[in-house]
Structure formats: structure tokens, C-alpha cells
Number of protein chains: 2
Amino acid sequence: MEIEDGNRGRRVAGRVAGDIRRHNRAVVLELVRNLGPVSRAEVARAARLSPATVAEIIGELVREGLVRVAGEGPSTGGRPPALVELDPEARSAVGLEIGPRTLTAVVTDLNAAVKVRVEKPSKMVEGAKVTAGQVEAIFEQILQEVPEAAENSLGVGVAVPAPILRSRGTRFDPPSDPEWGGLDVPELISRKFDAPVLVDNDANARALGEFLFGAGRGASNMLYVIAHWGVGGALVVDGDLRRGADGGAGEIGHTVIEVDGPPCGCGGYGCLEAFAGRAGIARRARRALKLAGRDRLGGVDLDDLKVRHVVQAARDGDELAARVLEETGQYLGIGVANAINVLNPEVVVLGGSTVEIGEMVTGPLVRVARRRALPGMAEGTRIVKGELGEDAGAVGAAALVLRELFAVSVPEAVRRTVV
Amino acid sequence: MEIEDGNRGRRVAGRVAGDIRRHNRAVVLELVRNLGPVSRAEVARAARLSPATVAEIIGELVREGLVRVAGEGPSTGGRPPALVELDPEARSAVGLEIGPRTLTAVVTDLNAAVKVRVEKPSKMVEGAKVTAGQVEAIFEQILQEVPEAAENSLGVGVAVPAPILRSRGTRFDPPSDPEWGGLDVPELISRKFDAPVLVDNDANARALGEFLFGAGRGASNMLYVIAHWGVGGALVVDGDLRRGADGGAGEIGHTVIEVDGPPCGCGGYGCLEAFAGRAGIARRARRALKLAGRDRLGGVDLDDLKVRHVVQAARDGDELAARVLEETGQYLGIGVANAINVLNPEVVVLGGSTVEIGEMVTGPLVRVARRRALPGMAEGTRIVKGELGEDAGAVGAAALVLRELFAVSVPEAVRRTVV
DNA sequence: CCCACTTATAAAACAACGTAAATAAAGTCT
DNA sequence: AGACTTTATTTACGTTGTTTTATAAGTGGG
């Protein structure tokens with residue numbers, strides 16, 4: 001119900017009765033989801049709505065199958081409540097993560113629990129055509145394993161490793177690969193799978209997943225940080241994922257933490273990613289080894305050194321390697337501290353392979369983030385690892401769809417929907 | 001209508017019919033304000049509401065005196081429209097800025113135009129008692145000059161140079177002065193002036209002023225930066241001022257831009273403020289002079305060197321001083337670039353005395369901000385000086401009150417209101 | 001064991017709000 | 001002069017949530 005008008009870009013629109021109903025329906029559904037088996041009366045209290053209204057909405061949800069009765073609760077001095085809960089099997093959602101080397105798709109229930117998982121190798125460097133073929137193959141396989149997937153599904157969410165800017169379309173061109181040639185993801189998927197398609201970048205999708213179903217549940221302000229090949233992020237401000245003016249918000253990886261720092265892949269200098277991205281970690285490791293007069297690490301030549309070798313060496317007790325990882329955490333901690341100062345979130349959720357390295361990285365990360373944030377600012381901030389695990393990208397993509405059901409706030413204006 | 005509930009901190013609340021009316025009233029009033037003399041029909045189109053609804057709401061606003069008819073517009077082939085516009089004189093607002101050395105109060109109309117201005121010197125170092133007395137004196141003077149101020153006023157906004165955290169009260173204790181002793185601003189003002197009082201920190205107030213009445217008008221995403229004694233900021237995200245989880249959002253001044261940089265007043269190292277705050281500028285100037293083997297600048301001894309001496313020297317052609325100011329702009333530009341990457345705003349508004357130095361600072365600031373933001377990110381971002389001038393703080397404080405009238409989105413949960 | 005008291009749920013009367021359609025008002029255009 | 005257009009107002013109506021009332025189904029004291 002929000003529109004763009006001539007008012008210099010500000011969105012202003014009136015509301016009608018249907019908007020109230022949509023809002024209250026989402027509020028009730030979200031409360032039923034979160035409070036587990038719960039009585040209508042308690043939902044009414046939590047939502048600040050009258051019992052009558054809540055009863056009617058829940059009746060509607062029960063008729064639609066989204067909510068089911070779940071026995072009777074204990075009496076607290078009166079008639080015992082009839083409990084209701086979300087029926088997670090009522091509908092499903094599909095999430096597809098297009099990674100640089102792999103395609104991962106999941107079919108989830110309404111709790112974002114993975115029910116079917118399909119993975120196919122597909123290196124992006126092989127071009128858009130090849131990836132398109134693999135995407136089609138994935139959806140064929142999904143339909144084979146779950147023939148009713150399309151009808152039962154709320155839609156398909158897609159996470160792509162590139163910004164989805166308002167000023168461009170759903171066509172997806174990774175910035176790292178100018179030869180790619182463009183891939184109109186919704187168009188492609190709608191050929192095989194008859195459901196709405198929503199596309200967003202992978203950091204936003206993961207953030208949304210953690211916000212709705214993972215470590216950020218219940219927070220109003222959340223910062224998500226993903227440290228993988230690059231370093232990215234996404235923001236939840238006052239209860240909703242925020243994309244900024246053009247959809248590019250959250251790019252914490254290219255904030256400068258060293259004015260005259262090393263060059264970064266983005267063309268700048270001293271970006272966080274130049275220190276704590278994969279390439280940056282390897283670069284620092286090589287430099288440290290050279291300074292120490294060593295030309296090998298755990299049997300690997302300097303020129304072939306990858307992050308996994310550094311991790312292995314650190315686990316095997318190599319102190320230099322351990323220090324490189326510690327510094328990685330420290331750099332990330334500074335980036336996180338900076339973002340905490342700007343956003344003052346109540347929770348920071350960390351994801352990505354660099355975080356998965358473990359305590360060697362996250363320990364210093366958390367310590368430095370707390371120490372270098374403005375005193376008082378980070379005290380109330382939890383800094384935790386994501387809960388969505390290895391399939392966070394695909395599950396987050398599914399969350400793009402599930403959000404439509406649960407999100408209380410008005411959905412974003414930028415929705416890339418086909419059919 | 002938003003409440004805190006047990007749902008792990010997330011705010012969820014149902015809406016009722018009255019919420020619709022409140023929302024639509026604000027939408028209509030905001031459109032009338034922004035579109036100047038405008039017909040009911042045009043407002044209806046812009047608001048996506050039916051002509052009937054808009055007519056009724058405007059009738060209500062006219063009866064209340066907030067809106068008045070302003071002649072007739074030209075016919076476009078049919079009945080000529082009766083134009084309506086905001087009557088800025090209908091009500092007033094009071095804004096008080098408590099600065100480190102000065103108290104400034106303004107009485108404004110509904111367009112935030114200053115009608116009365118009262119200033120009193122009051123150094124915060126003299127303690128809360130003295131300041132309290134001066135605040136009372138200011139309101140006495142206001143009531144003397146405009147006896148009807150209290151009845152006519154929507155309320156009093158107060159901007160204080162300290163974070164207003166949700167976790168603390170309205171009691172205001174500047175972090176720089178532990179001896180201060182606390183000042184309950186709403187309580188104090190309500191002794192003299194019978195109107196609601198809203199308190200926020202100065203950066204938030206200024207940002208709100210620029211957003212509603214100044215350089216940020218019409219934007220949805222805005223970053224405000226104030227470079228004065230320190231460096232601060234505030235955020236508008238998706239059409240509303242955002243304060244973060246605890247009210248501390250926007251502290252751009254203490255983001256780290258140099259991992260091993262110079263110590264900052266906050267206890268950290270390499271913060272933006274350590275380079276571009278007043279103390280940082282003076283420190284860099286002294287250091288540059290020493291390196292150049294000079295012990296004076298424009299007749300001033302190194303130990304007494306203040307920013308104003310650097311500015312004077314630069315204006316008089318001193319190249320070293322000019323370079324110090326250029327670097328100040330560059331450091332600020334890096335901080336702005338970092339925030340642009342995280343927030344992707346459509347406009348950055350600059351304020352504070354350091355920005356007022358002029359092109360010598362803002363030129364490099366804008367250039368560096370554009371160059372060091374992620375490619376593509378800053379292209380659509382305007383970077384401009386604030387439009388509210390010298391009284392931006394006090395006018396912004398008044399905006400805290402005016403916002404209640406115009407703000408379309410739900411008002412923040414944290415309102416410090418007395419009476 | 002019964003009766004007063006709670007608590008939960010359902011149903012009916014009611015009030016607020018916006019819309020659609022009809023009507024009136026006041027112009028333009030051929 | 002007559003058809004058409006645009007703006008504004010009035011009226012009937014539908015949606016939505018609330019309040020009130022009734023009903024169901026427990027608890028607890030005497």
C-alpha cells in the first residue's frame with residue numbers, strides 16, 4: 001500500500017481498512033508462531049487487540065490450515081484455554097542460493113526447517129548459460145522429489161552474490177565477472193516452477209533468515225556480518241530489513257579501517273575486506289611468513305597459500321598462522337565496532353566460512369568489537385554466530401518468501417516478482 | 001500504539017480504526033505542507049485516498065485552524081480547484097539547545113521558521129545548577145516577549161549534547177563532565193512553561209530538523225553528520241529518524257579509520273574524531289608545524305593553537321594550514337564514505353562549525369567520500385550542507401515537537417514527555 | 001457438594017472509517 | 001448552446017474492531 005509519488009521520493013500513502021486487517025493478521029500469525037502453543041486470549045493481550053478480533057483472525061487462519069488447535073492448556077482459575085499453534089507443514093517455501101561455485105536449493109516448512117535439499121556444482125565462471133541450465137535441473141529435481149512443491153509453495157526466494165539495486169532490474173550480473181552476460185532469475189525459474197519469485201543479495205537473505213528464524217529472532221535492531229570470500233553485511237533497523245536508498249546498504253566490507261591501507265578488490269584502499277577477506281587473509285599470511293624468513297607453511301609453498309592452509313597450520317600449533325587468524329578476528333572486530341557505533345543494534349550475527357573457523361577468529365573479534373566500540377554502546381549488544389548453519393544462504397532465500405507471511409511491517413517497495 | 005511485549009523485545013501491536021485516521025491525517029497534513037497551495041483532489045491522488053476522505057480530513061484541519069484556504073487554482077478543463085495550504089501561524093513550537101557554552105531557544109511557526117530567538121551564555125562547566133537557572137531565565141524571557149507562547153505552543157523540544165539512551169532517563173549528564181550532577185530537563189522546564197517536553201541529543205535533533213524542514217526534505221534515507229567539537233551523526237532510515245536499540249545510533253565520530261591511529265577522547269584509538277574533531281585538527285596542525293620546523297602560526301604560539309587560528313592562517317595563504325584543513329576534509333570524507341557504504345542514503349547532510357569553515361574542508365570531504373565509497377554506491381548520493389544555519393540545534397529541537405504533527409510513521413516508543 | 005468467582009470463547013449490537021456512486025458546482029471546448 | 005471535464009460534497013454501504021452480553025468450563029471456600 002506504499003507508493004512512490006512526486007513528493008521528491010518520499011513514500012506517503014493513506015491506509016484503508018484492509019490494511020489494518022493485513023497488519024493484524026500478520027501480528028497474530030507472528031505471535032502464534034513465536035509464542036508456540038498459545039491461547040487466543042494471550043495472543044489478544046500480546047497484540048493489544050480485543051479477544052473477539054483475535055478469535056476471528058485465528059478462525060480464519062485455522063480455516064486456511066495455517067494454524068491448528070494443539071490441545072488444551074492448564075486452567076489458571078477458570079475455563080482452560082484452547083491452545084493454537086502454527087502448522088508448519090501447511091505450506092512450504094523454496095530457497096535457492098546461487099553461490100560462486102555451487103547452487104543450493106532447499107524446500108522448507110513454515111518454520112524454515114529444511115525438508116528437501118538439492119545441491120549442484122555450478123561455477124559462475126562458466127557463464128550464465130551453464131548456470132541457467134543447472135538452475136533448471138535443480139527445479140526439475142525438486143519437482144521430482146516433491147511433486148506438489150509448486151502448488152504447496154508460497155514462492156521461491158533467490159539469494160545471489162551481487163547487490164540487487166533498485167536502479168537495476170532483477171537481472172543479475174556479478175560485479176566480479178563482466179563476461180557473465182546477465183541472468184534474469186525470476187524469468188528463468190518461472191519457466192519450470194509456477195510460483196512467485198523474489199530475489200535479493202545473499203547477505204540480505206541470510207540476515208533475514210537469521211532475523212526471522214535464527215539468532216536474531218525477536219530483536220528489533222540487528223547487524224548481520226558475513227565473512228566469506230569477501231566481507232558483507234545487512235541491516236535490520238526497527239524491525240525490518242533495510243536496503244537503503246538504492247538497495248546497497250550493509251556493505252561493511254568496504255568501509256575503510258586504515259586510511260593508507262593495502263589495496264582492495266573494489267579499487268579502494270584499506271577496506272575491511274582487504275584485511276579480512278579471503279585474499280586479505282592469505283596476503284597477510286604470506287607477508288608474515290616472508291618477514292619471518294619462512295617460505296613454506298605446513299608444506300605448502302607461499303605462492304599456493306590458501307586460507308585453509310593457514311587454518312590447518314594454526315590448528316597444528318603454528319603460532320604465526322594462529323596470529324594471522326587472531327588478527328583477522330581483530331580486523332573484523334574493528335569493522336563490527338564501527339557498525340555498532342553507527343547502528344547501535346541489540347544483536348550482531350556473524351556468518352560465513354571465516355567465522356566458521358571458530359574461536360581463533362571469533363574470540364578476538366568479539367573482544368575487539370567490545371573494546372573499540374564507544375563505551376556504553378556495545379554493552380547491551382550480543383555478538384553471536386548465526387544459527388542457520390551451512391545452508392544459511394538457501395534458508396535465508398526461503399525466508400524472503402516466508403517473510404511475506406509473517407512480516408508485520410509493510411513489505412518493501414522493491415519486490416522482484418514474476419507471476 | 002506500539003508496545004513492548006514479552007516477545008523478546010520485538011514490538012508488535014494490532015491496529016484499530018483510530019490508527020488509520022491518525023495515519024491518514026498525518027499523510028494529508030504532510031502533503032498539504034509539502035505541496036504548498038494544493039487542491040483537495042490532488043492531495044487525494046497523492047495520498048491514494050478517496051476525495052471524500054481527504055475532503056473530510058481537510059475540513060477537520062481547517063476547523064482546527066491548521067490549514068486554510070488559499071484562493072482558487074486555474075481550471076484544467078473543469079471546475080477550478082479551491083486550494084488549501086498549511087497555516088504556519090496556527091501553532092508554534094519551542095526549541096531549546098543546551099550547548100557546552102550557550103543556551104539558545106527559538107520559538108518557531110509550523111514551518112520551523114524562527115519567530116523569536118533568545119540566547120544566554122551558560123557554560124556547562126559551571127554545573128547543572130547554573131544552567132538550570134539560565135534555562136528558567138530563558139523561558140521567563142520567552143513568556144515576556146510572547147505571552148501566549150505556552151498556550152499556542154505544541155510543546156518544547158530540547159537538544160542536549162549527550163546521548164539520550166533508552167536505558168537511562170531524561171536526566172542529562174554530559175559524558176565529558178562527571179561533576180555535572182544531573183539535570184532533569186522536562187521537570188525543569190515544566191516549572192516555567194506548561195507544555196509537553198521532548199528531549200533528544202543534539203545530532204538527532206539537528207538531523208530531524210534538516211530532514212523535515214531543511215536539506216533532507218523529501219528524502220527517505222539520510223545521514224546527518226555534525227563536525228563541531230566532536231564528530232557526531234544521526235540516521236534517517238526509510239522515512240524516520242532511527243535511534244538504534246538503546247538510542248545511541250549515529251556515532252560516526254568514534255568509528256575507527258586508522259587501526260593504530262592517535263588516541264581519542266573516548267578512550268579508543270584512530271577514531272574519526274581523533275583526526276577531525278577540534279582537538280584532532282589542532283593536534284595535527286601542531287604536529288605538521290613541528291615537522292616543518294615552525295613554532296608559530298600567524299603569530300600564535302604552538303601551545304595556544306586553536307582551530308580558528310588554523311583557519312585564519314589558511315585564509316591568509318599559509319599552505320601548511322590549508323593542508324591541515326584539506327586533510328580534515330579528507331578524514332571526514334572517509335568517515336562519510338564508510339557510513340554511505342553501510343547505509344546507502346540518498347542524501348548526506350553536513351553541519352557543524354568545521355563544515356562552516358567552507359570549501360577548504362567540504363571540497364576534499366565530498367571528493368574523498370565519493371572516491372572511497374564503494375563504486376556505484378555514492379553515485380546517487382547528494383552530499384550537501386545543512387540549510388538550517390546557525391540555529392540548526394534549536395530549530396532541530398523545535399522539530400522534535402513539530403514532528404508529532406507531520407510524522408507519518410508511528411512515533412518512537414521513547415518519548416520523554418512531561419505534562 | 002454446592003455456590004461464588006475466574007477465565008476463555010462466542011455471538012450480537014455498535015461505532016469508526018474509507019469507498020463507491022450519485023449529485024452539485026463551475027469551469028472549458030467546439 | 002450543449003457536451004464534456006474537473007472539483008467538491010453527500011449518501012448509502014461494507015469492512016473492521018470494540019463493547020456488551022451470554023455461554024462454557026474450570027477453581028476454591030465453606
Side-chain angles (χ1 to χ4, degrees), chain A residues 1 3 12-29 31-32 35 37-63 67-85 408, chain B residues 1 3 12-29 31-32 35 37-63 67-85 408:
Chain A
M1 287 292 101
I3 54 149
V12 280
R15 288 209 181 107
V16 299
D19 297 327
I20 289 204
R21 182 57 152 214
R22 197 169 19 261
H23 175 93
N24 287 344
R25 216 185 105 106
V27 167
V28 168
L29 192 52
L31 285 169
V32 169
L35 304 180
V38 62
S39 73
R40 291 163 173 81
E42 198 183 331
V43 173
R45 279 190 295 270
R48 291 274 166 108
L49 287 170
S50 74
T53 301
V54 169
E56 194 193 309
I57 291 174
I58 287 185
E60 201 178 289
L61 294 170
V62 169
R63 277 193 301 281
V67 165
R68 64 185 176 205
V69 294
E72 209 171 68
S75 164
T76 58
R79 172 173 171 176
L83 303 182
V84 292
E85 65 182 2
V408 168
Chain B
M1 288 292 101
I3 54 150
V12 279
R15 291 210 178 105
V16 299
D19 297 329
I20 290 200
R21 184 53 153 220
R22 196 168 23 260
H23 174 93
N24 287 344
R25 218 183 103 106
V27 167
V28 167
L29 193 52
L31 285 169
V32 169
L35 303 181
V38 62
S39 73
R40 292 161 173 82
E42 199 183 330
V43 172
R45 280 190 295 269
R48 290 274 166 106
L49 288 169
S50 73
T53 302
V54 170
E56 195 193 309
I57 291 175
I58 287 186
E60 202 177 289
L61 294 170
V62 169
R63 277 192 300 282
V67 165
R68 67 187 174 201
V69 294
E72 208 172 70
S75 164
T76 57
R79 172 175 171 174
L83 303 181
V84 293
E85 65 182 3
V408 168

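A quick note: this is a predicted structure, and the numbers were derived from the prediction, not measured. Below, chain A is the first sequence line, B the second, and so on; all start at residue 1.
Atom CD1 in A:I20 sits 9.5 Å away from atom CG in A:L49 (nearest 0.5 Å). Atoms CD1 and CG, on A:I58 and A:L29 in that order, are 9.5 Å from each other to the nearest 0.5 Å.
Distance CD1 (B:I58) to C1' (C:dG18): 15 Å, rounded to an integer number of Å. Remark: P of D:dG17 and CZ of A:R25 are 12 Å apart, rounded to the nearest angstrom. One can place CD1 of A:I57 at 9 Å from P of D:dT18, the figure rounded to the nearest angstrom. The NE2-P distance, from A:H23 to D:dT16, rounds to 15 Å in whole Å. A straight line from CG of B:D19 to P of C:dG18 spans 11 Å, rounded to a whole angstrom. Atom CZ of A:R48 and atom C1' of D:dT16 are 20 Å apart (whole Å). Spacing between atom CZ of A:R21 and atom P of C:dC17 amounts to 18 Å, rounded to whole angstrom units. The CD-C1' distance, from A:E60 to D:dT15, rounds to 12 Å in whole Å.
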Produce a footprint string for nucleotides 1-14 of chain C: one letter per nucleotide, 5' end first; B if the base is under 4.0 Å from any protein heavy atom, S if only the sugar-phosphate is, - if neither.
-----BBBSS----

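Residues A:A70 and A:E85 share a closest heavy-atom pair of CB-CD, 3.5 Å. Considering every non-hydrogen atom in both B:S75 and B:G77, the closest pair reads OG-N, 3.0 Å. Summarising the geometry of B:P80 relative to B:E72, their closest heavy-atom pair is CG-OE1, 3.6 Å, with the distance given to 0.1 Å. Across A:S39 and A:L83, no two heavy atoms sit closer than the pair N-CD2, 3.6 Å.
Within the 4.0 Å cut-off from OP1 or OP2 of D:dT18, at least one side-chain nitrogen or oxygen of A:T53 is found. Look at B:S75 and you won't find any side-chain N or O under 4.0 angstrom from OP1 or OP2 of C:dG27. Contact annotation: B:N24 reaches the phosphate of C:dG18 (side-chain N/O to OP1 or OP2, under 4.0 Å).
Residue pairs meeting the side-chain hydrogen bond (donor to acceptor under 3.5 Å, both in side chains) criterion with at least one partner in residues 51-60 of chain A, sequence neighbours excluded, are A:R21-A:E56, A:R21-A:E60, A:R25-A:E60, A:S50-A:T53.
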